Amino acid sequence: MSGPGSALRAEAARVLQAVLAEGRSLKAVLGRSLPGVADPRDRALLEAICFDALRHRRRYEFALSGWLARPLPRRDQAVHFLLLAGLAQLKGLGLAPHAAVGATAEAARDLGRSGLVGLVNALLRRASREALPESEDPAVAGSHPDWLVARLRADWPAQAAAILAANNQAAPLWLRANPRQGSAAALQARLHEAGLDAALVPEVPGALRLDTPVPVEALPGWEQGALSVQDGAAQLAVLALDPRPGERVLDACAAPGGKAAQLVAALGNGEVLALDVDARRLAKVSQLLHRLHLEAPNVQVRVADAAAPEGWFDGRAFDAIILDAPCSATGIIRRQPDIKWHRREADIEALAALQARLLDALWTLLKPGGRLLYATCSVLVQENAAQVQAFLERHPEAVVRPLDERFGHASGAGRQRLPGEGGMDGFFYALLARPA
């Protein structure tokens, strides 16, 4: 009879199979799986195993390809993912073999593959004694798809190795103090009283960073709306736009709502229109504004396609627009490692076309003298510097407003933060203004 330890490992294999074989989102799969695990320590372990296995998938599969006489047949696919979970425990999380090997081997029974318990046991015992075999292929060694490594080396030749390494590191937890309820310094004091070591980040006013993440429910003031979770790089996007009290501002692709909340807090009696084409994701914007007590008559949240303003624009131009455009999300891989395995190079062309449509549509909605911030959580030049350059060629009247070094490396007409720099995600910013 299997025990709770083996059941947990079997569940990790099922999660990995859903993500890697069925193409499902890690966040969505864990969202259904974790509530069924009673002990919070077990929930944390399940999550850690899955994240590490996805971060280092190619390294682990390279080792298995050398250690197995032949690949496992398709009917034993679940055991392949169980082996990834086992290597994650031994090599990534550093669990003692006595705590990981036996329970992971027994999990083969939970998966209906009792005949492979011995194979799993033998392979993981070998892994506990030997280092993983090295590969000279940077995509295998860095555990990224070939196409993405090639893109990074072309776009960021001097930084590509650092980007690959940063993508395989766990991200800190970034917080933002709700200014309606107190300063970041006051929130830091509350966190310290709760035993949480949060650092203020001077270049991102209002932000705090917890290098050791905790569940949000453990954060003092969470339920009361004193703070929200938002990476520092995303917070910088609103700072780049520089919203001013009384302005009318559009957040064009607003979900999940962090930037909309920043705008509402900054604008006072100004107007905010938050749009998103996805109704389910847009619901998160409303939920966030409600929790932060930022709902107001001058704040609208609407399901709409920002690229088709004829369906929602009321004729009143905006002082400022923030377009955090749909993108490859290659700047947030450390938070969502399944992006590496779900994104395809062929996706980039379609995303770039959508970004161009959004830019052209929204540009016409600005007042004279108004400004538009184009941002993505991508690190690919095609979606960022090249996208803005093409826009400037189509719209020679646009004026580029300079951004300082807080926003990253100079990249064409904008700035690019790379993953891990300052503990932040990868993010691109370009600030464009209409002539007055």
Side-chain angles (χ1 to χ4, degrees), residues 155-156 158-159 162-163 166-167 169 171-179 183-185 187-188 198-211 227-245 247 249 251 253 258-267 319-325 327 329-335 370-381 383-385 387-389 392 398-433:
D155 289 355
W156 299 98
Q159 296 92 356
I163 294 171
N167 284 349
Q169 299 296 317
L173 179 66
W174 282 83
L175 308 173
R176 181 160 190 84
N178 181 352
S183 67
L187 179 60
Q188 181 191 40
L200 293 172
V201 184
E203 62 266 37
V204 191
L208 300 100
R209 190 183 68 238
L210 275 171
D211 290 328
L227 70 162
S228 54
V229 170
Q230 187 184 19
D231 188 82
Q235 296 186 41
L236 279 173
V238 174
L239 297 180
L241 185 68
D242 188 24
R244 299 151 197 171
E247 289 188 322
V249 179
D251 185 355
C253 300
K259 287 178 282 297
Q262 272 183 270
L263 290 169
V264 173
L267 288 171
D319 296 289
I321 296 173
I322 185 164
L323 170 58
D324 185 356
C327 70
T330 44
I332 60 170
I333 286 172
R334 61 190 193 147
R335 296 189 184 280
R371 58 209 186 278
L372 184 153
L373 182 82
Y374 175 74
T376 76
C377 57
S378 169
V379 295
L380 302 182
V381 168
E383 300 180 274
N384 296 337
Q387 181 70 260
V388 173
Q389 181 58 38
L392 292 171
V399 177
V400 176
R401 294 275 180 88
L403 296 171
D404 62 46
E405 293 181 355
R406 282 183 305 165
F407 301 94
H409 306 262
S411 183
R415 290 274 182 174
Q416 177 77 62
R417 292 201 70 93
L418 298 175
E421 293 180 333
M424 298 185 208
D425 290 341
F427 232 86
F428 176 82
Y429 320 85
L431 185 59
L432 308 167

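Side chains are part of it too, since the values below use all heavy atoms of this structure and drop only hydrogens, waters and symmetry mates. Bear in mind that the values here come from a model prediction, so they are computed numbers and not experimental data.
- By the side-chain contact (heavy atoms from CB on, under 4.5 Å) test, Ala261 is found to be paired with Leu288, Leu289, Leu292, Leu294, residues two or more places apart in sequence or in another chain being considered.
- When all heavy atoms are compared, the tightest approach of Pro172 to Arg334 is CD-NH1, 3.7 Å.
- For the side-chain hydrogen bond (donor to acceptor under 3.5 Å, both in side chains) test, no residue two or more places apart in sequence or in another chain qualifies with Gln159.
- Partners of Gln389 according to the side-chain hydrogen bond (donor to acceptor under 3.5 Å, both in side chains) rule, which considers only residues two or more places apart in sequence or in another chain, are Glu393.
- Side-chain N or O atoms of Asn384 include none that pairs as donor or acceptor with a backbone N or O of Phe428 at under 3.5 Å.
- The nearest pair of heavy atoms linking Cys253 to Leu323 is SG-CD1, 3.8 Å.
- Side chains of Leu208 and Leu200 form a contact here, defined as non-hydrogen atoms less than 4.5 Å apart.
- Considering only residues two or more places apart in sequence or on other chains, Glu383 meets the side-chain hydrogen bond (donor to acceptor under 3.5 Å, both in side chains) condition with Ser328, Gln355, Ser378.
- Legend: residues meeting side-chain contact (heavy atoms from CB on, under 4.5 Å) with Ala166, ordered by chain and number and at least two apart, are Pro419.
- Judged as a ring-ring contact (aromatic ring centres under 6.0 Å, His included), and not counting sequence neighbours, the contacts of Tyr429 are Phe407, Phe427.
- Taking both residues in full, the closest heavy atoms of Leu431 and Ala240 are given as CD2-O, 3.5 Å, listed atom of the first, atom of the second, then distance.
- For Arg406, the salt bridge (Lys or Arg N to Asp or Glu O under 4.0 Å) partners at least two apart in sequence or on another chain are Asp404.
- The CD1 atom of Ile333 sits 4.5 Å away from the CG atom of Asn167 when rounded to the nearest 0.5 Å.
- To the nearest 0.5 Å, atoms CZ (Arg401) and CG (Leu241) are separated by 10.5 Å.
- In this structure, CD in Gln262 is found 11.0 Å from CG in Asn178, a value given to the nearest 0.5 Å.
- Residues passing the side-chain hydrogen bond (donor to acceptor under 3.5 Å, both in side chains) test with Asp324, sequence neighbours excluded: Lys259.
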**OP:** Report the C-alpha separation of Val204 and Met424 in whole Å, then their side-chain angles, then the decisive distance to 0.1 Å, and conclude whether the side-chain contact (heavy atoms from CB on, under 4.5 Å) test is met.
**Re:** CA-CA 11 Å; Val204 191; Met424 298 185 208; 3.6 Å; yes
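- Evaluation of the salt bridge (charged side-chain N to carboxylate O under 4.0 Å, His left out) test over residues 408-421, restricted to residues two or more places apart or in two chains, returns none.
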Mind listing the side-chain donor-acceptor pairs of residues 231-238 below 3.5 Å, one per line with the distance, residues two or more places apart or on another chain?
residue	atom	partner	partner atom	Å
Asp231	OD1	Arg335	NH2	2.6
Asp231	OD2	Ala233	N	2.9
Asp231	OD2	Asp425	N	3.0
Gln235	OE1	Arg176	NH1	2.6
Gln235	NE2	Leu175	O	3.2
Gln235	NE2	Gln230	O	2.8

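- The two atoms that bring Glu203 and Leu239 nearest to each other are O-CD1, 4.4 Å, heavy atoms only.
- Annotation: the span from Ile332 atom CD1 to Cys327 atom SG amounts to 7.0 Å, rounded to 0.5 Å.
- Taking every heavy atom of both residues into account, Tyr374 and Ala325 meet most closely at CE1-CB, 3.8 Å.
- Put simply, the side chain of Trp156 never gets that close to the backbone of Ala162: no donor and acceptor are under 3.5 Å apart.
- The side-chain contact (heavy atoms from CB on, under 4.5 Å) search around Ala413 returns Val388, Leu392, Val400, not counting sequence neighbours.
- Taken from OG1 in Thr330 to CG in Leu380, the straight-line distance is 3.5 Å, to the nearest 0.5 Å.
- Arg371 meets the salt bridge (Lys or Arg N to Asp or Glu O under 4.0 Å) test with Glu247; sequence neighbours excluded.
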